[in-house]
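What follows is one structure encoded as structure tokens, with my remarks underneath.
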Amino acid sequence: MSPPTRRLELDPRTVARARRLAARAAAPVIALARTSTTTSVERAVLRLAGLAGADAEGIPWVNRLVDAVRADVGLEHGVALPVWHALAVSEHDDLSTLAQKAAAGGVRFTLPSGTYERSAKTAARRDVARGIATIDRNRRSRQRLLARLGDPPKPWIYLIVATGDIYEDIPQAQAAARGGADIIAVIRSTGQSLLDYVPEGATRDGFAGTYATQENFRLMRTALDEVSREVGRYVRLTNYASGLCMPEIATLAGLERLDMMLNDCMYGIIFRDINPQRTFIDQRFSRQIHSRAGIIINTGEDNYLTTADAVDAAHTVIVSQLLNERFGLEAGLEDWQLGLGHAFEINPEVPEQFRLELAHAQLVRELFPNAPLKYMPPTKHMTGDVFFGYLLDAFFNLAGVMTEQSILLVGMMTEGIVTPFLSDRDLALENVRYVRSACAGLAEDFRPAPDGFIARRAEQVLAEAVDLLERICDESLFAAIAKGTFGVTKRPPDTGKGLDGVVTQAPGYYNPASVLLEGRDA
Amino acid sequence: MSPPTRRLELDPRTVARARRLAARAAAPVIALARTSTTTSVERAVLRLAGLAGADAEGIPWVNRLVDAVRADVGLEHGVALPVWHALAVSEHDDLSTLAQKAAAGGVRFTLPSGTYERSAKTAARRDVARGIATIDRNRRSRQRLLARLGDPPKPWIYLIVATGDIYEDIPQAQAAARGGADIIAVIRSTGQSLLDYVPEGATRDGFAGTYATQENFRLMRTALDEVSREVGRYVRLTNYASGLCMPEIATLAGLERLDMMLNDCMYGIIFRDINPQRTFIDQRFSRQIHSRAGIIINTGEDNYLTTADAVDAAHTVIVSQLLNERFGLEAGLEDWQLGLGHAFEINPEVPEQFRLELAHAQLVRELFPNAPLKYMPPTKHMTGDVFFGYLLDAFFNLAGVMTEQSILLVGMMTEGIVTPFLSDRDLALENVRYVRSACAGLAEDFRPAPDGFIARRAEQVLAEAVDLLERICDESLFAAIAKGTFGVTKRPPDTGKGLDGVVTQAPGYYNPASVLLEGRDA
Amino acid sequence: MSTINVVRAYGDTTGDGMVQISFTLPMPAGPKAEAAAAAFAAKMGLDPALVVHAKGIGPDFTFFVVYGRSSVVVDLDEIVVAEREYPLLTTKEINLEVKSRLKRRLVVVGGTVGTDAHTVGLDAILNVKGFAGEKGLEHYRELRVVNLGAQLDAVELVDRALRERADAILVSQVVTQRDAHVQHVQEVVTALRDRWPSDSGRHPMRPLLVVGGPRFDPGAAADLGVDRVFTRGTTPREVASYLVHALSRRRAA
Amino acid sequence: MSTINVVRAYGDTTGDGMVQISFTLPMPAGPKAEAAAAAFAAKMGLDPALVVHAKGIGPDFTFFVVYGRSSVVVDLDEIVVAEREYPLLTTKEINLEVKSRLKRRLVVVGGTVGTDAHTVGLDAILNVKGFAGEKGLEHYRELRVVNLGAQLDAVELVDRALRERADAILVSQVVTQRDAHVQHVQEVVTALRDRWPSDSGRHPMRPLLVVGGPRFDPGAAADLGVDRVFTRGTTPREVASYLVHALSRRRAA
Ligand code: B12
Ligand code: B12
Ligand SMILES: Cc1ncc(COP(=O)(O)O)c(C=O)c1O
Ligand SMILES: Cc1ncc(COP(=O)(O)O)c(C=O)c1O
């Protein structure tokens, strides 16, 4: 799309300064991520190599195998060397038999060296390359489908389904697509992000969301391909990576041609109490996968405004977006893949609420002109008054159109009550359809007075963001998170779920996936 | 309020031209009105002189008396001379006994001459002056109350009650005022405008509206004075003059301190099939009363867009407004009393619908910068989808705020279904309250591109209006109305209800009210 | 009963029965009012009934929004739909039918009776301009349309129909508050009965009485004592097709 | 019965009984669906039931808006309101009560159990910041608050309460889909029962179990097997006042 209109006279030097500060704040964290691995990163490697399925208790073979390896030789050198060495020296010719044997305690893993090491590496790389080839194939077929069926114009209409039952989700997703949705997101069951494994198969028993499984991904993507042909435009599929299995879910998304993934460098830390180190390490690997898969990520800054005040904390959104941008680019994502999140969460009773929202949305738009911004609707101030809620959602849609946002997650009038009904989604589409059509060119008439209310508010938020970034550089990002800087939630670096899954790489650590993803295999 | 912002570069010469043409088109009609009278005008004279009440069948004494006079000497000289002459020569010292006697056929009316004529005039003028004094008193007390209780800021929120029962109307009106309404309009029963008399007393039996009677006026104004003190702002009361009794209802409004009246030079013709001549004569007298009473009139151009297409017929609204302005000023109204009507009636499925509405609303705003414009909500395209209807009303409110309209008649989500429920009105107030507060200063950021979509559309509509005015000047306003120019409804000058009530003034015609209202009594 | 033919309300899961309701109770806001609202919803069959919104309107009223599960099950086999009892014909066919059967133009007199001044609906059916892309009855060569507009007196309408030797009287009623539409229709029915006492073989035959408006109950023709009721979204062709059908059935009889 | 104590829904006239409902039926749009919707509304007691809006959602569903008159009458004398059973005390009074009766600080352990990660509601009650202008429980000198945050395992929560010698356990549940909140509360109840088998005179005494969340049924304490339920709009002072009241009643017993 054509570059968004500039409506604010932001000082380019201040903007550049903010980016420099973000890079500085991120540097130590990136260093940590480059020199560490996690159980989930290693399991992702095995998934790329084709190891799937689970045992009788539903624990995936990748978990069993990684645990067995860790028990014998630890993960400091990565799972690849011991596993492919075992494959080479033992008679079991494939990963799953090896995994089963290992789970039964029938395998002793050792670290190969010399030629053994070299051949293990070659074999591992060969197998993992197959997975990556699948990801590449999916990326190409997405391109083909986009070309054939057509890519909808921005803003893309993003709708959520959340029944907990994939077989209810599918008809609802198809109805939504027919109604005009460009993107379908399948929300996960409340508990999943805390599971240290990815469930298997088609599921019907989620709470307020449906489990993210490879099979559910496949079923939904197939259903959407079907409806995409019917409606004559490619309908994108989104799911959620964040959580203890970020790297694996990112991998499955690539293997099943998902198009977008919720993937934030801090969401799991703040809203799921996942250990900060674990999260930062996992997000890097998962973003390398997304980068390769041509998947657009969605970050979660919008969530901060549900626990913090949307006016007072507006600048924390900007700071987090700059950090997400930095981490994303370092992991290989390109600007067009950075679906940075923000939201329309100011209390509607605040005077000039709508203009304040316009100021925030326009600021983000101009700071990230090439990013497919994900703009989230009001949630916190949605009550049981569904009529007023429907109106508030319309003003959100209007702000999205006036400030040229890229992805509109259309709000549901029942936000304050239940997970969306089928009819809520249809009404929400009617709502956004009207706003987009009736106000199609309104952005042309939206010209904030150069030194007026909106311009001044935007400048103020940017200034506050720069100040905060400076403080973060002084005290470190971990310290800032521990202090409750984001979403007024305190998360110390050594607490939270999943810390035990963090391992520092030893010299000689080998990860065929990283090698291939970072193009170090040449 | 401060003069509205100019957003369009309208050519002042074109605007001046349009006004000249409107004056030319109105001239012959005004001439007719100055030299004619109607049964209702004459009845209004008697009401000013204090004649009230009705006979057993509920026919007001003013009707009985005027009919009796007409039977004996006709109305060419007006009702005043024969009536006050009869009072002088006969023993009945007051109007109502005279009326009763006359109704019973016990009076022969004659035209006085010489000294008799002079004394009849003096007596008539003296009695009518009392009524006018009451009107003046009411105007002063309105001023006092506005000063003491406070005059709400524009835009004024205008709400309708329409139960048909004055005793249901009152609590609903009070609830609406507490909820934020600045103006309450009591809609009339469907049939009333075709009645050639004004019903008496408190009524509970209206259809989709409540009868306009002097007692109902009094009851509601009293109830609103009460609630005005409670909410600490003067809540205005509106009713409808248009119809066969325009002059009388205008008079009663002045006598009971109503604050606004629906009063259009053509509404009755087009939407009630009332004879054009009758209407033009009646509207002039009723506006002379409104002028004296300090009442703001509301015109009915909005209605055209319910029978004609809101895009194709946009210019007919402008033409009608210029005519209403001309007729109004000639009758003595001042700019601040001209609540010219227009509406948000474009089909929401039309691309750029909202911007087209902005163009129309802004054009009207700039053509009549000092008029308290009455902006009407969507009605024709309101369906049973109350959720979408609620949203459409919000965009109407937004257009009103962005283009600085003066009076917002807030829409009801049930417009397409029933006359408003109590809760519809409360939800409508919640709707407009949000828009006014959240977008308080948004008009500052609304700056249509000089040669953009909105500016061009406004120019086009103005040009079409000028063309139409030229054609009207060539063929006469009556001919234009007969051709269905307004609201695509054809109304020939010699058909329609109430023509029999039209009388051409004879030399020596005497109307004490006109004399006093036009200040010819000096 | 076979589950194929019964339906429940659908929120986001088959069979969940979820519905939304809103209403006002004439009592001040507060715990008591919320409890009353819950009881109200329960009596409407919601269980559970979740009072999700309560807002006082002045001191004497409270508005509520309630979500809940309704146990109502509708058996589709029991649903009788007012199926179109006549074939939908093309303009050509309609003109032909009239020509061949009546051997003269079919005369239609239309108007809005009583205090109702709404003409857009009737005009949508009668005027050439038409509705929803279909031309109105005036457009049919073999139909003669007399559109008397609004606010007609029932008796005058019927007398005019008599003078025009009308085959059908079309009455529009849009205002329904306090059943105004029903009353106005009654006036026409009575006026017709006066002119055509049931058993009279009087000529011309009694014209068909067709009423229309957005809020009529489609099934109410019999109760109203009219020949046919048309409601929201009616198109001119439906009306023309019906007239041809009904009149030819009559002559047959 | 005396008309003073019964209420009907109010549209725009006393006694008109008007209500609005909306729902979706799993069937394609069309006359049959509209008839089914009318039947559905009729079964909910609307007469007349006016189907004012029908919109197909894809090929298999139709959404409806219906207005109609409900005959439901609520007898206010039969309405039992969950009246506050405790006096609302000031901060001062609360601190004093605790001091004088417990002779030590009152210990509160709070958290959100199971997969529910919503903490804003619980924090509104516990954190100093508070809610609706009232400071949270942490602010009370005589209260010791242990806020364990979200996603707690029920058993761990109870054990922690035991260790802290808690007087009350405060559980928040916001996610209610598929009755998740009820199940999670059950887990806590069971865990409590394991630690404090009903008849055991074990010390410390079993802590009070207080649950809260926007979608709990205020009257459901007994069914849930908890001591008190708080729902939408609860303020910290209400909770503190309740705790003081309930604990002193207990000691009295
Ligand atoms: C346009 C309009 C007006 C215009 C009418 C202009 C005119 N010459 O017709 C004006 C502004 C004058 C007007 C005035 C009033 N109106 Co009005 N008006 C409307 C409005 C906005 C649209 C109606 C319309 O044109 N619909 C479009 C047509 C095409 O649809 P339709 O009528 O349903 O017709 C279709 C079918 O029903 C059917 N059909 C209809 N008639 C017939 C007849 C036959 C024979 C057949 C076969 C089929 C058929 O075919 C048509 C095509 O499909 C409605 C609100 C709404 N959105 O519906 C209010 C509405 C109808 N008006 C209403 C009221 C109360 C009034 C007033 C009484 C208010 C007042 N006191 O000032 C006045 C007075 C009117 C009077 N004396 O009767 C109420 C009626 C409430 C009720 N249910 O009783 C409504 C619903 C608004 C509201 N919610 O209050 N109104
Ligand atoms: C904020 C929020 C979030 C935040 C939570 C951040 C945090 N740390 O709390 C984030 C963004 C993380 C989030 C995530 C999700 N959320 Co959420 N979220 C909300 C939201 C917008 C506001 C809730 C809120 O904070 N209310 C404000 C507080 C003050 O009100 P309250 O909770 O009612 O508390 C008051 C009373 O209830 C009472 N109270 C509450 N608890 C207690 C406890 C005690 C002891 C007492 C005495 C009183 C008390 O006192 C409080 C003050 O009066 C609601 C929608 C809405 N508008 O309600 C959805 C909502 C609650 N979320 C919902 C869902 C489904 C989710 C997700 C599961 C979706 C997903 N799969 O991604 C996730 C995962 C969450 C999980 N695993 O549990 C649904 C729940 C649907 C349902 N009825 O089951 C809602 C209703 C949105 C929706 N319509 O879908 N969510
Ligand atoms: C960035 C991000 N990740 C994940 C989620 C969902 O996480 P969970 O599935 O743990 O509820 C969200 C929800 O809003 C999010 O914004
Ligand atoms: C100018 C004007 N007069 C009168 C009315 C109402 O007229 P009646 O009472 O005849 O319906 C309207 C209604 O919209 C109007 O706009």
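Just so you know, these numbers use all the heavy atoms, side chains as well, and skip hydrogens, waters and symmetry mates. All chains are named by letter (A, B, ...) in the order of the sequence lines, taking the proteins before the strands, and each is independently numbered beginning at 1. Since the model is a prediction, treat every value here as computed from it, not as a measurement.
Only the side chain of D:Ser70 comes within less than 4.5 Å of a heavy atom of chain C; its backbone N, CA, C and O stay farther away. In this structure, the portions of C:Met44 lying under 4.5 Å from any heavy atom of chain D include both its backbone and its side chain. In this structure, no portion of C:Asp16 lies under 4.5 Å from any heavy atom of chain D. For D:Asp217, no part lies near chain C; criterion is any non-hydrogen pair under 4.5 Å. Of the two parts of D:Val65, neither the backbone nor the side chain holds a non-hydrogen atom closer than 4.5 Å to a non-hydrogen atom of chain C. Contacts of D:Phe63 with chain C are absent, with no heavy-atom separation under 4.5 Å from either backbone or side chain. When heavy atoms are compared at a cutoff of 4.5 Å, D:Val51 approaches chain C by way of both its backbone and its side chain.
The pair D:Arg232-C:Glu34 meets the salt-bridge criterion, since a charged nitrogen lies less than 4.0 angstrom from a carboxylate oxygen. Comment: C:Glu93 does not engage C:Arg237 in a salt bridge, judged by the lack of any side-chain N to carboxylate O separation of less than 4.0 angstrom.
Taking D:Ser22, D:Gly45, D:Ser71, D:Ala38 one by one and counting their heavy-atom pairs under 4.5 Å with chain C, the maximum is reached by D:Ser22. Counting heavy-atom pairs closer than 4.5 Å to chain D, the top residue among C:Thr13, C:Ile21, C:Val66 is C:Ile21. If you tally non-hydrogen atom pairs under 4.5 Å between each of D:Leu50, D:Val52, D:Thr14, D:Leu46 and chain C, the highest count goes to D:Val52.
Note that OG1 of D:Thr62 and NZ of D:Lys32 are 13.0 Å apart. Values are rounded to the nearest 0.5 Å.
Between C:Tyr86 and C:Tyr242, the ring planes lie perpendicular to each other; the angle is over 60°, past the 30° to 60° tilted range. Aromatic ring orientation, D:Phe64 versus D:Phe23: tilted (interplanar angle from 30° to 60°).
Exactly one of D:Val74, D:Val73, D:Val7 qualifies for a side chain to side chain contact (heavy atoms under 4.5 Å, CB included) with C:Phe40. That residue is D:Val74.
Within the 4.5 Å cutoff, the side chain of D:Gln20 has heavy atoms near those of the C:Gln20 side chain.
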